[in-house]
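Fair warning: this is a prediction, and the values are worked out from it, not measured in the lab. In what follows, chains carry the letters A, B, and so on, assigned in the order in which the sequence lines appear, proteins first and then strands, with residues in each chain numbered from 1.
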Protein chains: 2
Amino acid sequence: MGKAEAKDIFSDYVREKGLRNTRQREAILETFLSSGKHITVEDLYNSLRRKTPGIGYATVHRNLKLLCESGLANEIKVGTDKARFEIKYGHEHHDHLICIRCGRFIEVKDERIERLQDKLAEANDFVPVRHNKCFGRSRKGA
Amino acid sequence: MGKAEAKDIFSDYVREKGLRNTRQREAILETFLSSGKHITVEDLYNSLRRKTPGIGYATVHRNLKLLCESGLANEIKVGTDKARFEIKYGHEHHDHLICIRCGRFIEVKDERIERLQDKLAEANDFVPVRHNKCFGRSRKGA
DNA sequence: ACAATAATGATAATTGTTATCATTAAAACA
DNA sequence: TGTTTTAATGATAACAATTATCATTATTGT
Ligand SMILES: [Mn+2]
Ligand SMILES: [Mn+2]
Ligand SMILES: [Zn+2]
Ligand SMILES: [Zn+2]
């Protein structure tokens, strides 16, 4: 699962930016890597308090942002809801389908859509950076 | 441009919901129809204060939501930024390309992407409702 | 060990949105 | 045309997520 590599990458990234490796940063990455997908700052904060009592919410938030900056994590913003984060390292790009009624949140991918989106962006003088999720009503449970 | 029709539609929608047509609602729709695309609540509020002094921010906000409900308007949420609204009546569906650096905000449409997105949603037991914009870096000015 | 300074954690500030509520005013009705 | 009902309004407070502030702590290079 490459947890060790991820830690090295982050550690290097931090050092190369002139920042410092801290106990908290290590704990945050460790717990983040062990967490499920699409978690919020609060989710991670709550998981961490058990193992790293005293850790601050702002620290978790700041470091999730830093993880995104390093390329290891990915932020998913859904409307006005809390931001969600997922591991990017070792995971392929995918889109998300989100039910506006029950919250069902799944991952999907269509290579043709991806290519067409990139072309459309480029045809309009945009360098594609990211694109957002689709919303719908799930026909499945919940 | 169908301003009169839009007003009738809204007026009817309001009446049929058991709501009331008010001076403010009329002014809000009128000014909204005369405004540019992708405006915020605040934009519209500021435009309105000139012609309808004393109008409240909450009233503008509430009625923009109501306009969306009626199908005349469309809300565009970009990340955590303020919601933007555009006229839907008489306008075709389109996507948006937004520059994360300069804010360039353009409308695009690719029928193939639309169809593939719908299929992908349906294949995953979702009834498509809406989908979000793409972000990139504009190679053009600003 | 020391000095320099980044990181932390508590908390306050900010921002967009939504709720509250006393007052006003549509619109149905007498 | 009054009267009554109740939705709408507008001012303001509440909320929720994010971000900023700042005194204190801790990492890193010397
Ligand atoms: Mn994609
Ligand atoms: Mn579309
Ligand atoms: Zn995902
Ligand atoms: Zn548009």
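Side-chain contact between B:Leu19 and B:Tyr13: absent, with no pair of heavy atoms (C-beta onward) separated by less than 4.5 Å.
When the C1' atom of C:dG9 is taken as reference, atom CZ of A:Arg23 falls 12 Å away, rounded to whole Å. Distance A:Leu67 CG to C:dA7 P: 13 Å, rounded to the nearest Å. Regarding A:Arg49, its CZ atom lies at a distance of 17 Å from the P atom of C:dT8, rounded to whole Å. Between the CD1 atom of B:Ile28 and the P atom of D:dA8 there is a distance of 12 Å, given to the nearest Å. Put simply, CD on A:Glu26 is 18 Å from C1' on C:dA6, counting in whole angstrom units. Note: CG (B:Asp81) to P (C:dG16) measures 8 Å, nearest angstrom. Rounded to whole Å, atom P of D:dT9 lies 14 Å from atom OH of B:Tyr45. Across the protein-nucleic acid pair, B:Tyr13 atom OH and D:dA7 atom C1' stand 15 Å apart, rounded to whole Å.
A:Lys109 places a side-chain N or O within 3.5 Å of a backbone atom of A:His93 that can act as its donor or acceptor partner.
Here B:Asn63 reaches the OP1 or OP2 of D:dT9: one of its side-chain N or O atoms lies under 4.0 Å away. A:Thr22 has a side-chain polar atom (N or O) that falls below the 4.0 Å cut-off from OP1 or OP2 of C:dT8. At C:dT18, one or more side-chain N or O atoms of B:His61 fall inside 4.0 Å of OP1 or OP2 (strictly under the cut-off). Between A:Gln24 and the phosphate of D:dA26, there is no side-chain N or O to OP1/OP2 separation shorter than 4.0 Å. A sub-4.0 Å separation between OP1 or OP2 of D:dG10 and a side-chain N or O of B:Thr59 is present.
The environment of CD in B:Glu26 is sparse: at most 12 heavy-atom neighbours from other residues, nucleotides or ligands sit within 6.0 Å.
Under the 3.5 Å distance criterion, with hydrogens and angles disregarded, a donor-acceptor pair is assigned to the side chains of A:His131 and A:Asp95.
At a threshold of 4.0 angstrom between heavy atoms, the contacts of B:Lys65 are confined to the sugar-phosphate backbone, with no base atom among them. If you check every strand for non-hydrogen atoms under 4.0 Å, A:Arg62 touches a base.
Toward the 5′ end of DNA chain C lies the nearest nucleotide of A:Ala58, the other residue of the pair B:Arg15 and A:Ala58 mapping further downstream. Across the interface with DNA chain C, nearest-nucleotide mapping of B:Ala83 and B:Leu19 shows B:Ala83 to be the residue nearer the 5′ end.
For B:Lys82, counting side-chain heavy atoms from C-beta on, the closest listed nucleotide (C:dG16, D:dT9, C:dG9) is C:dG16.
Ring geometry for A:His94 against A:His96 counts as perpendicular: the plane angle is over 60°, on a 0 to 90° scale with 30° as the lower cut.
Evaluation of atom-type donor-acceptor distances gives no pair under 3.5 Å for the side chain of A:Arg20 against the base of D:dG29.
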